[in-house]
Amino acid sequence: MKIFTPAVPGIGVGRVKTIGGLALPPAIPLSGPADAEADAVRVEEAIERLCAGYDRRLDALDRGVEADVLRAHRSVARDPEFGGTIVSAIRERGRTAAGAIAEAEAAFARMLAATGSVVLRERALDIRDVCRALLREVYGDALPADEVVLAGDSVCVADNLTPGQFLALDRRRLRGLVLAHAGTTSHTVILARNAGIPTLAGVTGLDAGALEGREVAVDADLGALVVELTEDVRRYYDMERRRVERRRRRVRQFIERPAATADHRRLEVAANVGSADEVAAAVANGADGIGLFRTETLFLARPEPPSEDEQFEEYRRAVVDAGGRPVIARTLDVGGDKPLPYLALPREENPFLGYRAVRIYPEFEELFRVQVRALVRASAFGPLKVMIPMVTRLDEVAFVRAIVADEQARAAAAGRPFNPRMPVGAMVEVPSAALMIDHLSRVLDFFSLGTNDLLQYFAAVDRGHARLAALADPLEPSFVRLLHRVVDDAHAHGRRVGLCGDMGGRATYLPLLVGLGLDEISMAAPDIPAMRARIADLSAVAAGAMVERALGASNARDVASLLGTYALWRELPLTDPELVELDADCRTREEAIKAAVDLLSAVGRTDRPREVEEAVWRREETGSTGFGHGFAIPHCKTDAVGASSLAVVRLRSGVDWHAADDQPVRTVILLAVREDAQASAHLRVLASLARRLMHDDFRAALERELDPAALCQLLRT
Ligand code: PEP
Ligand code: MG
């Protein structure tokens, strides 16, 4: 099976609907306009109508990702360079309106691609959207209709999809997206993520024509597009959907509770955001604050920098929407992969090692001052903190602090409210800063580990380098030592330290981050509920002991296996009423085993249900676990479970288990024991279960019992 990039996780089943690009009818030529001046005027008027249309839609929408996208489109349409390029192609180069728009679309896309920035390259889709909308304004009904009607549950397949095309789809019927060329940070994918539409990217070479109308499954957990939907496969995906839904319902309970480990170590779980619009949703997902507000998104893909008022409004809104929770606004982090057209930064051989972030502030002092001024004003509205990117030396901090102090003095002189104690911290994302925490602590109030950059500089591997990705492993003991030193040094000097790199949102790394003793972990908002649930299952003491061992390891593989095998979990009873299902609709042994493992997944006893199933099947293949009398005891030893567990599934109708007495099985008792449990524990439980099951009255009681708690009690005795 071919594995594709899962851009938005999840599973969806529906009929394929292919969506193509916009084809101009032959009646609309690309060059040789009948009346060039008339075409030019038509375009100018159409741009005005388009902008008015964006204004109207924005008035009705106000905020959210959709509003963000519309604002981006409006700023393209309003950009004088955009309209100017089109109109001059008509007036000076004999293009028709259609030809000039198509040419402009291609030229802007080339320009964005040449920046080498993934983020900007993906903004080309926004320009395509605006161009399509403009063509429609100019030509109206002379263009073929591009409305896509989804008749029922649908999976849309496209080379690429613009955000506008996505928004025009009926999202109640859209079950999945399959895209050839979308990147994971495009607006279309962000919109899909927000709407919870499972999406695969990088899916090339499909015969879309042959698939049209066929029912397929988008498995964006595994990265698969399943085109042969047999009855068994369909039932499998139904079960998967139920499993994910149950897990989601369960983790949402943790949103309301303070994040703490099982041994009561508090930890803040915060969100990374790119705009004030995302703050409310982050809070609704359980964010204790905003650990990283990447303010540069406000400055990108526009012809001029945002004004002080525009910035103030954005920061104020972020603070107000956070409702008293802290918001860490990172000052402008541009240069490198994020060029700004209006700064005319030099093209560099090695942009990541070049003129970027805090390094450009002295040259563009006014630009930076305006941002600080807006932040100082917004600090009057709630606990706003400022964070400096790419700090390598103390004098950079001194420069920023001086400007902050200066702007605060100006605000005071003008009688404007602000928070005089607004904390100023720094990203720890360059190794030289990581080794100077003692001195930096004298001039900074807090730190946040930017592991994306820290790792690229530390391991000497470009963060986007596909071939060398394996060399940039955050589990390298050297990197764990570096993180450990930063946390220890910060705490020794009374400073809080968080982490806001991508590794913060990965469940597998969580025990390491807890064991390091971080005060805060910041991640994408959708990851927060599951991480809060996971933290509650961890023991901080055991995690700390695991980190001690990791510090002595000689390679990343050993650290990974320490992470996978170390008993980090709180003591859990072997069984639990939530591990009981009393009326499962399963037709085969495969489905029954999956149903039992899915119970473990739903309550969070495993993050890796597929591994647990594989371990069970390795045992099944050595001989049937059918016990006889309608019972089966499938079992395994595996560290894919966080605690040894026993799950019970009573089946609606019996299934064949190749049991010795040939009787169909109606009750499945699954036992999954951790590898590190006492060698005898597994056998002891199995033997005593088997002994009890020999008794008719025990079996009858198990089969009769309708209350999961009572059933657990029976098993415990
Ligand atoms: C980082 O470098 O880890 C980080 C969080 O910042 P960015 O990804 O924006 O560079
Ligand atoms: Mg960074």
Side-chain angles (χ1 to χ4, degrees), residues 115-120 122 183-185 190 268-275 278 282 287 289-301 327-340 350-361 371 385-392 396 400 425-434 446-465 469 472-476 479-480 482-483 486-487 490 497-506 509 512-513 516 518-525 527-528 531:
T115 62
S117 155
V118 178
V119 174
L120 289 185
E122 291 175 351
T184 47
T185 54
I190 293 171
E268 267 171 35
V269 181
N272 294 348
V273 300
S275 75
E278 296 170 46
I290 302 302
L292 170 64
F293 176 0
R294 291 182 163 99
T295 63
E296 60 274 7
T297 40
L298 237 89
F299 291 73
L300 295 172
V327 173
I328 301 180
R330 178 174 71 185
T331 52
L332 202 50
D333 183 11
V334 291
D337 63 337
K338 303 168 199 160
L340 294 185
N350 240 324
F352 275 117
L353 299 181
Y355 197 46
R356 54 173 300 209
V358 68
R359 300 171 178 186
I360 70 166
Y361 296 173
Q371 177 169 45
K385 307 185 192 183
V386 169
M387 179 156 72
I388 319 169
M390 271 286 280
V391 165
T392 57
E396 293 160 336
V400 170
M427 301 278 294
V428 180
E429 53 184 346
V430 185
S432 57
F446 67 93
F447 298 100
S448 184
L449 283 153
T451 46
N452 305 339
D453 277 319
L454 187 59
L455 187 55
Q456 83 162 340
Y457 297 130
F458 188 67
V461 175
D462 185 322
R463 63 195 262 185
H465 204 303
D473 188 336
L475 296 186
E476 273 302 330
F479 193 62
V480 177
L482 186 72
L483 299 179
V486 171
V487 177
V497 54
L499 182 146
C500 60
D502 291 343
M503 72 181 291
R506 301 268 299 276
Y509 299 141
L512 181 78
L513 305 186
L516 283 168
L518 288 162
D519 301 295
E520 175 197 280
I521 306 177
S522 195
M523 62 197 70
D527 294 332
I528 292 177
M531 291 296 257

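Each ligand, and each atom within it, is numbered from 1 in the order the structure gives.
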So, Asp453 and the Mg ion (ligand 2): N/O/S under 2.8 Å, yes or no? yes
Kindly give the atom name of the N, O or S atom of Glu429 closest to the Mg ion (ligand 2). OE1
Nearest non-hydrogen protein atom to atom 10 (O) of ligand 1, with distance, is Arg463 NH1, 2.9 Å
Between Gly450 and ligand 1, is there a nitrogen or oxygen pair with a distance under 3.5 Å? yes
Test side-chain contact (heavy atoms from CB on, under 4.5 Å) on Glu278 and Thr297 and set out the steps. CA-CA 12 Å; Glu278 296 170 46; Thr297 40; over 6 Å; no
Considering only protein heavy atoms, which is closest to atom 6 (O) of ligand 1, and at what distance to one decimal place? Arg330 NH1, 2.9 Å
Below 4.5 Å, heavy atoms only, C-beta onward: do Val486 and Leu516 meet side chain to side chain? no
Met427 heavy atoms, cut-off 4.0 Å: which ligand 1 atoms fall inside? 4 (C), 5 (C), 6 (O)
Any idea which part of Gln456 is under 4.0 Å from ligand 1, heavy-atom wise: side chain, backbone, both or neither? neither
Let me know which of Ile290, Leu292, Asp527 forms a side-chain contact (heavy atoms from CB on, under 4.5 Å) with Asn272. Leu292
Indicate yes or no: at least one non-hydrogen side-chain atom of Met427 is less than 4.5 angstrom from one of Cys500. yes
Please examine the side chains of Pro351 and Arg356, heavy atoms only from C-beta on, and report whether any two atoms are closer than 4.5 Å. no
Would Glu296 count as being in polar contact with ligand 1, using the rule that some N or O on each side must be under 3.5 angstrom apart? no
Pull out every atom of ligand 1 sitting under 4.0 Å from any heavy atom of Cys500, numbered as shown with elements. 5 (C)
Purely on distance, is any nitrogen or oxygen of Asp453 under 3.5 Å from one on ligand 1? yes
Under 3.5 Å, side chain of Tyr457 to main-chain N/O of Leu353, donor-acceptor pair present? no
At less than 4.0 angstrom from any non-hydrogen atom of Glu429, what atoms of ligand 1 do you find? 1 (C), 2 (O)
Just jot down the ligand 1 atoms closer than 4.0 angstrom to any heavy atom of Leu292, in number order. 5 (C)
Any side-chain heavy-atom pair from Glu268 and Asp519 closer than 4.5 angstrom? no
Should we say atom CZ of Arg506 is surrounded by more than 12 heavy atoms from elsewhere, each under 6.0 Å from it? no
